[in-house]
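The sequence lines fix the lettering, A, B, ..., with proteins before strands; numbering per chain opens at 1. Quick note: numbers below take in every heavy atom, side chains included, and nothing from hydrogens, waters or symmetry partners.
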Amino acid sequence: MRVSASKSPSSAHADGAATKGKRRLSSDHLSRSSERLPAKNSFVQFRRLQRRGPSSIDSYALLRVLRARTKASSRVEKTQLHTFAITLGFESIVHLQTALITMYSEMGSINDAHRLFDKTSCRTVVCWTALISAYVNNGRPGKALELFRHMRLENVEPDRITITIALSACADLGALDAGEWIHMYIYRHSSMGLGEDLILRNALINMYAKCGHIQAAHHLFDSTKQRDVTTWTSMIVALALHGRANEALLLFAEMKESMSSHSNGCRVSPNHVTFVGVLMACSHAGLVSEGQFHWESMQRDYNLKPQLAHYGCMVDLFCRAGLLEDAYAFIKEMPVQCNAVIWRTLLAACSLHGNVSLGALARRRLLELEPDHAGDDVTMSNVYAAAGLWDEKQDVRKRMKRRRDPGGSLIEVGSRKHEFVSADRRHLREKGMQEVLQSIVENSRALVHVPDADITVDGMETNMDDS
DNA sequence: GTAGGGTTAG
């Protein structure tokens, strides 16, 4: 979630005081003030110190600017801070190194973060944790877990923060085995303090929930006496994601109940993320009016301004219920720019319900936003197929062939990665996998009505592992 | 005397 900076009167005041005051700007002044000042001011002050010469800045002051700047500044300014740390001879200070790793991570420059780590003089658990966290936050949880193992091989013991991040990586990967191993690790190291550390506890609940072990998640959730908004939200989102919409909504009701009863002395209020879970539950269960109720309620009762994710949930709510015109009307009313994910939701629904005119409209918007997304051609061809427009479908398929952009997917089984590319039959266990796929499709057909008779498993072939 | 790394999201 991004929080935009706001101009507050206090910042103007603080800046004014610094300008008018005759006293010398010391690094001490900067250290104290930068904590409560918006990032921009601390950087302005930092520039003044810079002009006074390097001697007026110590590593504490630089670190504070660095931390303030990580939240809001340009790439150039951030990189300048690194250069400045080198110029001042602070390069080997481990606290600065760690903060710089985090800074590069937040810029999305994971390679720079790793390079810096490789150069660090002192590989403390904090330094390792910063790097592991960098990989998780940049969407590479597998690499994060690999580094977690590497760290232990170097005899650096993880602490509760490392463990929290490793659990988050397991959750992203759906790596239940690794997650359970970490749970045992916490159990064996009672000093880890699962009882007192709610963030760690939440990470554990979330790991079990995301890995599909809802029972274990629920058990931990039940035994958590002091729950915060993340505890509740993790559980609600997990239930919604696993198709247990009614349980998710019951839990949300229970959350609101516990808010009003003051029973445990700590009042928690749902936040943006909680409502993503609630709206997701409604759309998955086809509960349109209940979804609309919560949509209104989040704004009216909780003063939460809907974000793009919430708009996406609402469009999905109408789409899954087959209310395509309502979905389109909702999109047109949106005060924020609709993104490709939302148009894609509508396009997929058009394919399911054979609505060619809306489908073509969504496809046009997608071509403007993400012209290279090959999957949209597949969906569009399915829109035509669902409406029985076979010539149009063929045209789209031919266009796709010309682009020669085969789809691929990747799965990790044990420690081996298997990559599947369309029309590639080189995998050693090709035959067995085809049989399993075929039986899944047949079982699905027996259970539900499949509106698009064109869906087959050909093109699901495979190959190769890179391990 | 002070400093670095943490959970939830179509």
Side-chain angles (χ1 to χ4, degrees), chain A residues 1-2 27-28 30-32 34-35 58-67 70 90 93-103 105-106 113 116-117 120 122-137 144 151 156 158-172 197-207 209-210 217 224 227-238 240-241 268 270-284 307-317 319-320 338-346 348:
Chain A
M1 189 172 70
R2 182 166 293 179
S27 59
D28 183 50
L30 179 63
S31 306
R32 274 187 275 115
S34 61
E35 257 177 23
D58 64 10
S59 63
Y60 294 89
L62 184 60
L63 194 54
R64 287 196 192 276
V65 179
L66 191 60
R67 285 183 52 69
T70 2
F90 296 155
I93 297 175
V94 69
H95 291 82
L96 267 174
Q97 290 169 337
T98 314
L100 284 166
I101 290 172
T102 305
M103 180 193 82
S105 163
E106 286 174 359
L116 198 57
F117 174 84
T120 51
C122 168
R123 292 188 175 191
T124 62
V125 62
V126 182
C127 220
W128 273 103
T129 308
L131 185 68
I132 294 168
S133 164
Y135 275 100
V136 175
N137 292 331
M151 177 187 97
V156 179
D159 65 11
R160 59 177 71 177
I161 298 182
T162 327
I163 291 290
T164 304
I165 297 162
L167 283 170
S168 159
C170 295
D172 289 350
D197 193 334
L198 187 54
I199 296 181
L200 175 57
R201 215 178 161 81
N202 287 342
L204 197 57
I205 292 172
N206 180 54
M207 181 279 294
K210 287 282 166 58
T224 307
R227 298 169 189 156
D228 67 3
V229 61
T230 305
T231 323
W232 286 99
T233 303
S234 295
M235 204 62 223
I236 291 168
V237 169
L241 279 174
V268 281
N271 64 14
H272 285 102
V273 188
T274 322
F275 274 100
V276 168
V278 170
L279 295 176
M280 242 161 47
C282 294
S283 75
H284 290 180
Q307 298 173 355
L308 203 53
H310 302 100
Y311 287 100
C313 288
M314 289 304 286
V315 172
D316 194 40
L317 178 77
C319 282
R320 282 179 197 250
C338 184
N339 68 0
V341 176
I342 296 179
W343 285 116
R344 205 161 282 136
T345 306
L346 183 64

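Which of B:dT8, B:dG5, B:dG4 sits closest to the side chain of A:Val94 comes down to B:dG4. Which of B:dA9, B:dT7, B:dA3 sits closest to the side chain of A:Asn202 comes down to B:dT7. The side chain of A:Thr98 has B:dG4 as its nearest neighbour among B:dA3, B:dG6, B:dG4. Residue A:Thr233 has its side chain nearest to B:dT8 when only B:dT8, B:dG5, B:dT7 are considered. Of the candidates B:dT7, B:dG5, B:dT2, the closest approach to any side-chain atom of A:Thr164 belongs to B:dT7. In the set B:dG6, B:dG4, B:dT8, B:dG6 carries the atom at the smallest distance from any side-chain atom of A:Ile199. Checking B:dG4, B:dG6, B:dA9 against every side-chain atom of A:Gln307, the shortest atom distance belongs to B:dA9.
Across all strands, A:Val237 comes closer than 4.0 Å only to sugar-phosphate atoms, never to a base (heavy-atom distances). Here A:Asn206 lies in heavy-atom contact (under 4.0 Å) with sugar-phosphate atoms only. Nucleic acid contact for A:Val125: base, since at least one base atom lies under 4.0 Å from a heavy atom of the residue. Residue A:Ile165 is classed as a sugar-phosphate contact, given heavy-atom separations below 4.0 Å to backbone atoms only. Using a 4.0 Å heavy-atom criterion, one finds that A:Ser283 contacts no nucleic acid atom at all. Residue contacts for A:Thr124: at a heavy-atom cut-off of 4.0 Å it reaches a base atom on one of the strands shown. Looking at heavy-atom distances under 4.0 Å, A:Asp159 makes contact with a base.
Listed pair A:Thr162 / B:dG5 fails the phosphate criterion, with no side-chain N or O lying under 4.0 Å from OP1 or OP2. An OP1 or OP2 oxygen of B:dT8 is reached within less than 4.0 angstrom by a side-chain nitrogen or oxygen of A:Ser168.
Residues satisfying the side-chain contact (heavy atoms from CB on, under 4.5 Å) test with A:Ser234, not counting sequence neighbours, are A:Asn206, A:Thr230. Not counting sequence neighbours, the partners of A:His310 by the ring pair (Phe, Tyr, Trp, His ring centres under 6.0 Å) test are A:His272.
One atom, CZ of A:Phe275, and another, P of B:dA9, lie 17 Å apart when rounded to the nearest Å. For A:Leu63 and B:dT2, the CG to P distance is 14 Å, given to the nearest whole Å. The interatomic distance linking A:His310 (NE2) with B:dA9 (C1') rounds to 8 Å, in whole Å. As rounded to whole Å, 14 Å separates atom C1' of B:dG6 from atom CG of A:Asp172. Rounded to whole angstrom, the span from the CG atom of A:Leu100 across to the P atom of B:dG5 amounts to 11 Å. Distance, A:Asn271 CG to B:dT8 P: 12 Å, rounded to whole Å. Atom NZ in A:Lys210 sits about 3 Å away from atom P in B:dA9, given to the nearest Å. Atom CG of A:Asn137 is separated from atom P of B:dG5 by 12 Å (rounded to the nearest Å).
Closest heavy-atom contact between A:Ile165 and A:Val136: CG2-CG2, 3.9 Å.
A:Thr231 and A:Asn202 share a side-chain donor-acceptor pair at under 3.5 Å.
Checking side-chain atoms of A:Arg123 against main-chain N and O of A:Thr120 turns up no donor-acceptor pair under 3.5 Å.
A salt bridge links A:Arg320 with A:Asp316: the closest approach of a Lys/Arg side-chain nitrogen to an acidic carboxylate oxygen falls below 4.0 angstrom.
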